[in-house]
Amino acid sequence: MHPSPHTRPAASATARGRLAAWATLACAAAAACTLAAAEPVALQTPSGTLRLQAPAGYTALTDEELQTKFGRHGRRPLAAWGNARRSSTVAVTWSRMAQKPLTPDALPAFMSAMETTLPRLTPGLVMRDASLVTLGGRAWVRMDSTAPAADTDVRNLMYLTDLNGHMVGVNYNATVADFPAQEPGFGSSAGTLRVQE
C-alpha cells in the first residue's frame, strides 16, 4: 500500500518546519554566543579597572576550581577562565606595590628584575623571552616562559603593567602539548587588554 499523495507533502512540511525551527534556534544561539564573546569583562581592582576578553570557548572558573588550581600556592587570582578541559587558563592578578610604586617609566627595570627573580622562585622555569609591548596605547611587560608542573610542563605568557602605582597581571597558560592550539586565542585576548585608573 502506498501512502496517500497528500501525506507526503504534509510530512515534508512538518519536517521542513522542524528543521527551520532548529535552524532558527541554532542561529539565535550562535548570535548570543558571538555577542557574549564580543563583550569584554571589566574587573575592578583596588587601583583601577582591567578590561579583557577571554579566548573563545573559555568559561569562568568556579570557586572550587580556583581553590584547587591556585589555592595551594596561597595566591588566588582576582578571576580566571579556562577551556573546557581546564588544561589552559587565563588568570588576572593584582599586586600592591606600596614600597616602590610601579610607573610606566619603571617598567623596563621591573622587567629586568622579573627576568632574574622568576627563575629563582620557580625551580625549572625557563625564560623564553621578555619584552615591552604596547596594548591599547599602554606599555606592558610580556614574559614567555616554560615551567614544570605536577605531571607536565606548562607554557606561560604573562602580561604585566602599572595601574595607579600598583601591578596588574594577566597570565595565559597551557600545557606545552596544548599551547600551539591555544596561542592564537591567547594573542587575540591579549589584544583586548585595557586598564583605566
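Every value quoted in this text rests on a predicted model; they were computed, and no experiment measured them. FYI, side chains are in, hydrogens and waters are out, and symmetry mates aren't considered; it's all heavy atoms of this structure.
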### Task
Output, in order, the C-alpha distance, side-chain angles, deciding distance and verdict of side-chain contact (heavy atoms from CB on, under 4.5 Å) for Y172 and N156.
CA-CA 6 Å; Y172 298 89; N156 295 287; over 6 Å; no
[X] vs [Y] side-chain heavy atoms within contact, under 4.5 Å:
X	Y	answer
Q196	R51	yes
F179	D153	no
L50	V92	yes
T161	V168	yes
W140	L107	no
V170	L157	no
L160	F110	yes
S145	V126	no

Taking atom types as modelled, find out whether [X] and [Y] have a side-chain donor-acceptor pair closer than 3.5 angstrom.
X	Y	answer
Q182	Y58	yes
R155	S88	no
S87	D178	yes
T89	N173	yes
T49	Q44	yes

### Query
What distance do S131 atom OG and M111 atom CE have between them, rounded to the nearest 0.5 Å?
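It comes to 7.0 Å.
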### Query
In Å and rounded to the nearest 0.5 Å, what is the CE to CG distance from M143 to D129?
9.0 Å
For [X] and [Y], work out which heavy atoms get closest and say how close.
X	Y	answer
T45	L163	OG1-CD2, 3.5 Å
P101	A98	CD-O, 4.3 Å
N164	S47	CB-O, 3.3 Å
P148	L125	CD-N, 4.2 Å
P55	V90	CD-CG2, 3.7 Å
H166	R96	ND1-CA, 3.5 Å

Do [X] and [Y] share a hydrophobic cluster (ILVMFWY, side-chain heavy atoms under 4.5 Å, transitive)?
X	Y	value
V41	L78	yes
L102	L118	yes
W94	L135	yes
V133	M167	no

### Task
Begin from the C-alpha positions of T146 and V176 and carry the test side-chain contact (heavy atoms from CB on, under 4.5 Å) through to its verdict.
CA-CA 8 Å; T146 303; V176 169; 4.0 Å; yes
So does [Y] get a backbone contact from the side chain of [X], meaning a donor-acceptor N/O pair under 3.5 Å?
X	Y	value
S189	G185	no
Y159	L193	no
D162	G165	no
E65	T62	yes
R85	G82	no

### Task
Run the numbers on R76 and Q67 for side-chain contact (heavy atoms from CB on, under 4.5 Å), then give the verdict.
CA-CA 7 Å; R76 282 179 54 160; Q67 182 60 34; 3.5 Å; yes
### Query
Do other residues, nucleotides or ligands put more than 12 heavy atoms under 6.0 Å from the CD atom of E197?
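It does: E197 CD has more than 12 such atoms within range.
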### Message
Go through it in stages, so that I can follow the logic: the residues are T59 and R86, the test is side chain to side chain donor-acceptor pair (under 3.5 Å), and I'd like the CA-CA distance, side-chain angles, deciding distance and then a yes or no.
### Response
CA-CA 9 Å; T59 57; R86 298 306 199 234; 2.9 Å; yes
